[in-house]
Amino acid sequence: MLTRLKGGTVYDPMHGVNGEVRDIHVRDGRVVSSPPAGQRIDEEYDLHGKVVMAGAIDPHSHIGGGKVNIARTLLPEDHRPYPVPRTALTRSGTGRAAPSTMTTGYRYAEMGYTAVFEPAMLPANSRQAHMEMADIPIIDKGAYVMLGSDDYLLRMMAAGKTQEEINDYIAYTIVAAQALAVKVVNPGGISAFKFNQRNLDLDEKNSYYGVTPRQILQTLARGVKELGIPHPLHVHGCNLGVPGNMQTTLDTMSGVEGLPVHLTHIQFHSYGTEGDRRFSSGAAQIAEAINRHGHVSADVGQIMFGQTVTASGDNMAQFRNRGIATPNKWVCMDIECDAGCGVVPFRYRDQNFVNALQWAIGLEIFLLVQDPWRVFLTTDHPNGAPFTAYPHLIRLLMDKGFRDASLERLHPEAQAMSTLKSIQREYSLYEIAIMTRAAPSRSLGLSDLGHLGEGAAADITVYTPQDDKERMFERPDYVFKGGTLVARNGRIVKVTDGATHTLRPGFDKAAVKPLREYFDRYHTMRLENFRVSDEEIVNEGRGHVVVNQLRDGSRG
Amino acid sequence: MNPATAAPPTARSDTRTQTSVTCPFCSLLCDDLEVTNRGGSLGVSAGDCARARAGFEREYTVQPPQIGGRSVSLEEAVAAAVRLLRGARHPLYGGLGTDVAGMRGLLALADKTGGIVDHMLGDSMYRNILAMQDRGWILTTMTEVRNRADVVVFANLDAVSDHPRFFERNIWNADSMFGLPTKSRQVVYLGEGLNTRPGISPDGRKPLHLKNEPERLGELIGALRALLAGQSLQAEAVAGVRVSALMKLLGIMKGAKYGVIIWSPPRLPFASADLIVEAICDLVKELNAQTRFSGFALGGNEGILTAGAVCAWQSGYQLRTDFGAGFPEFDPTRNATARLLENDDVDLLMWTATFLAGHTPPATRAPTILLAPPLPSVDSRCAVYIPVGTPGVDHRGQMCRVDNVVSLPLHQVRESALPSVAGVCDLLLQSL
Ligand code: SF4
Ligand SMILES: [Zn+2]
């Protein structure tokens, strides 16, 4: 079947298309070239006056896996006011900050998102992460596997194993956990917390292994590069949320020896210690450093005011933060000589000085980083805010008047400490298309997603241009997933199953033997049962696995 | 399901042995079993565990479905079940002893028919869930216990009664990662009437045993918290334990590098036991001001953690969720199986129990649909009975382990004519 999307105004930054009126043709779920004149068109959508973009991609959103399910269980009060009734088409569900899986898929699709990536899959928990994601309909998904506090890596580093040997382990873990990228969270710090260390700075040693976060960062970043993993090492740095952590973040950027890194939810890592309250914005310095370091990309982790829940692998930081839990209950876990997690509910308040400044810091970073290809739009769902805040966030970026008016309602001292008002920049639709489509696609190496060129997956979102950008992005006119119309005017019209994106970097089979011995000696699970098979993800035909390409020239 | 595991035998007369088989018969999900299949009957030849043997060696017969005690075809049974589900205003999906796929199927049915979901062990699970939802907790997982724990306190349980291999796998394991000689672990039991023999170390060291009255565990924990906070106690003994012994225990706990306290909700069958769990979790939090200490909850057998996890991710709520309003509503008191049946708040019971024998549906005035492996005899009051396979025996599957972090693949270890719970749910959904 051949479908024509006729006459829309297209924004496709991957191909430099900036607001040009074009037809897009779709056949068998893919974008195809214009058919010869006279070819029968089976279905046509008149999109004159509409804005057309590829489906949006969220590169960092906690949508599935143990800590999300802990957050769901911990907070029935997050769900009670937000029931989602079943319809003839869709399943029931609940929730806002930690929504149920089906609801997650519907809400993302309704907002024009067609691919979302879970950034913190613990190897030990990877099967459950995939089981949860299998129950997220419509959208494509994938996950970044968390390394850096796992005892196997730390033992290898302490024993002076070669980079090559460590790369085999990284590659094996990616394959076994069915991951798309590698994330490090508080490098070595989650392990250090198990040895009762309460902080771990960039050059501080893990008390048992004698290894520092900087060494772990370098080792993993180098491994990721050498293995040809498209996405740079995804870094949740040291000292999350600590006033003054900006310096650690700057040191991290310069300390990876030019290796590509992606610094995630950088807002939480951009704090100074100026002012009476010893808490200030480091956004200018951080943005300047990102501008200067071409090997660095970031996502922001914007906060929004209201109730949410923070869910992180960083149990060292979460334990430190337990006093701010609102409501007053929290969960921390040490996990499987592999990782950890911490879940702390929290309410960001606009009349709270720190929260108000956090809000401003996030926006300052968005607006001061010059290259939209290197800064992605996230709230670190649900840590800064639920992902449903994206349309509001887009309006803040595109509309200075709205932004300034919002700032004026905040804690007055925070207003005084922020440079936000002096920043004139307003994002264009083209820049929004870069940061929500083209840039995450390129960064993750998703060759078929995030653009509208020939051969691309026909994941397409169509908006009605409006002055109020929040309303424009909240409820697209049409959302196509793989060429199928799945949402219309912000309502689901068809439920499909998305793909799971993975990689298959090569590894020396000889590397498996010591790993198997390690599992047999120390673990409570056999290595062969640790590995998540394709069949488990495909799950009676409900999903499918996409193996993405490694970067050119890498082994595989 | 798993490339490294042998495919299921193809002919009934084969003798085949599979290794690294996962055991679904308690929540430890040991995955080091060797299961030998001789013409369809199974022997567990590794993993010396009576519970696992009882599960795997349960007699395999092929039995037709039944309607009111009369043998019928699967199609007839499904049609009868569909009629009952259609006619029900408020069905209860009880038992819930199944795997992830089975639970997905049962939740789809509950959503479609406006039913309630609760597990056969729901009462005990809620001792944990209520405590967690009130205060949160610090927990650890099996591999951490195995490698890291230098002090392990068993609060009102011996662990082995419900999880026979717990000590073998997590306490007296030969090797540990951080130079801790496992036989030097300090094991402590709280509570009289426990089997403490498994707590004797391989080199013969006896565990410390404080014989408190079990139902007064909460008082004992409260006293430990008071002592930890630096208060002095007026009484000479608490819950039957001398304060001097409590001081000694507290010293051991404070001196731990990585301590773990283990409890099990089914072993706290007391009113307001959630408050005992809360007290334990608060004690753990307070100990972490100085050292590292974690909680660990045992229990979770018969698939309750799997059922709860799937329900949580699909609905946002744990079990005892009601879909009757067209959306999920959570009420752990109102939606308890015993209460619902007693008050006739539900008009149909669909009961699923695929693991150990003996978990039969409770007596009820509501008609009952039963999904269970072949039974020697079926209560004729059961309106529809559909024999199903056991996940991890008759078909492959996935389950969540006791620590709620690790989940394991279940393997098919014999060829089986029995449908899975998920398969039956699919048939029902297609006709509803
Ligand atoms: S301890 Fe539990 S999981 Fe392990 S073999 Fe025995 S019954 Fe099975
Ligand atoms: Zn995150």
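Fair warning: this is a prediction, and the values are worked out from it, not measured in the lab. Each chain gets a letter, A, B and so on, in the order its sequence line appears, and its residues count up from 1.
Shown here are the salt bridge (Lys or Arg N to Asp or Glu O under 4.0 Å) partners of Lys513(A), two or more places apart in sequence or in another chain: Glu517(A).
Within residues 313-322 of chain A, the residues having any heavy atom closer than 4.5 Å to a heavy atom of chain B are Phe319(A), listed by residue number. Contacts between residues 84-93 of chain A and chain B, counted as heavy-atom pairs separated by less than 4.5 Å, involve Val84(A), Pro85(A), Arg86(A), Arg91(A), Ser92(A), Gly93(A). Applying a 4.5 Å heavy-atom cutoff, the residues of residues 323-338 of chain A that approach chain B are Asn328(A), Lys329(A), Trp330(A), Val331(A), Cys332(A), Met333(A), Asp334(A), Ile335(A), Glu336(A), Cys337(A), Asp338(A).
Contact annotation for Ile70(A): both backbone and side-chain heavy atoms come within less than 4.5 Å of a heavy atom of chain B. Of the atoms belonging to Tyr82(A), not a single heavy atom falls under 4.5 Å from chain B. For Asp534(A), no part sits under 4.5 Å from any heavy atom of chain B, backbone or side chain. In this structure, chain B has no heavy atom under 4.5 Å from any part of Arg96(A). Neither the backbone nor the side chain of Lys67(A) comes within contact range of chain B, judged by heavy atoms closer than 4.5 Å. For Tyr152(A), no part lies under 4.5 angstrom from a heavy atom of chain B.
The CG atom of Leu28(B) sits 9.5 Å away from the OG1 atom of Thr524(A) when rounded to the nearest 0.5 Å. Between Phe323(B) atom CZ and Leu109(B) atom CG the span is 11.0 Å, to the nearest 0.5 Å. Put simply, OG on Ser315(B) and CE on Met102(A) are 9.5 Å apart, with the number rounded to the nearest 0.5 Å. For the atom pair CG of Asn288(B) and CD1 of Ile138(B), the computed distance is 4.0 Å after rounding to the nearest 0.5 Å. Rounding to the nearest 0.5 angstrom, the gap separating the CG atom in Leu29(B) from the CE atom in Met142(B) is 8.0 Å.
Put simply, of Thr321(B), Val310(B), Asp134(B), the one with the most heavy-atom pairs under 4.5 Å next to chain A is Asp134(B). Heavy-atom pairs under 4.5 Å with chain B were tallied for Thr94(A), Asp78(A), Asp135(A), Leu75(A); the largest tally goes to Asp135(A). Counting heavy-atom pairs closer than 4.5 Å to chain A, the top residue among Gly179(B), Gly316(B), Ala108(B) is Gly316(B). Ranked by non-hydrogen atom pairs under 4.5 Å with chain A, the options Ala174(B), Ser294(B), Ala309(B) are led by Ala309(B). Note: Gly326(B) leads Gly308(B), Gly326(B), Ala422(B) in heavy-atom pairs under 4.5 Å with chain A. Taking chain A as the reference chain and counting heavy-atom pairs below 4.5 Å, the highest number among Asp111(B), Asn404(B), Leu107(B) is found for Asp111(B). Taking chain A as the reference chain and counting heavy-atom pairs below 4.5 Å, the highest number among Arg148(B), Lys112(B), Arg135(B) is found for Arg148(B).
Under the 6.0 Å cut-off for aromatic ring centres, Phe178(B) and Phe195(A) qualify, their centroids lying closer than that. If you look at Tyr317(B) and His79(A), their ring centroids are closer than 6.0 Å.
Between the side chains of Thr73(A) and Gln318(B), at least one donor N or O lies within less than 3.5 Å of an accepting N or O. Side-chain polar atoms of Arg127(A) and Asn125(A) form no donor-acceptor pair below 3.5 angstrom. Donor-acceptor pairing under 3.5 Å is lacking for the side chains of Tyr522(A) and Thr143(B).
Phe330(B) does not carry Arg80(A) over the face of its six-membered ring by the limits of under 6.0 Å from the centre and within 45° of the normal.
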Requested in this report: With side-chain contact (heavy atoms from CB on, under 4.5 Å) as the test, would you mind laying out the steps for Met399(B) and Leu305(B) before giving the verdict?
Outcome: CA-CA 8 Å; Met399(B) 280 183 92; Leu305(B) 296 173; over 6 Å; no

Report task. Dump the intermediate steps for side-chain hydrogen bond (donor to acceptor under 3.5 Å, both in side chains) on Tyr208(A) and Ser191(A), then the final yes or no. Result -> CA-CA 9 Å; Tyr208(A) 182 78; Ser191(A) 162; over 6 Å; no

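Using cut-offs of 30° and 60° on the angle between ring planes, the pair Phe387(A) and His381(A) is perpendicular.
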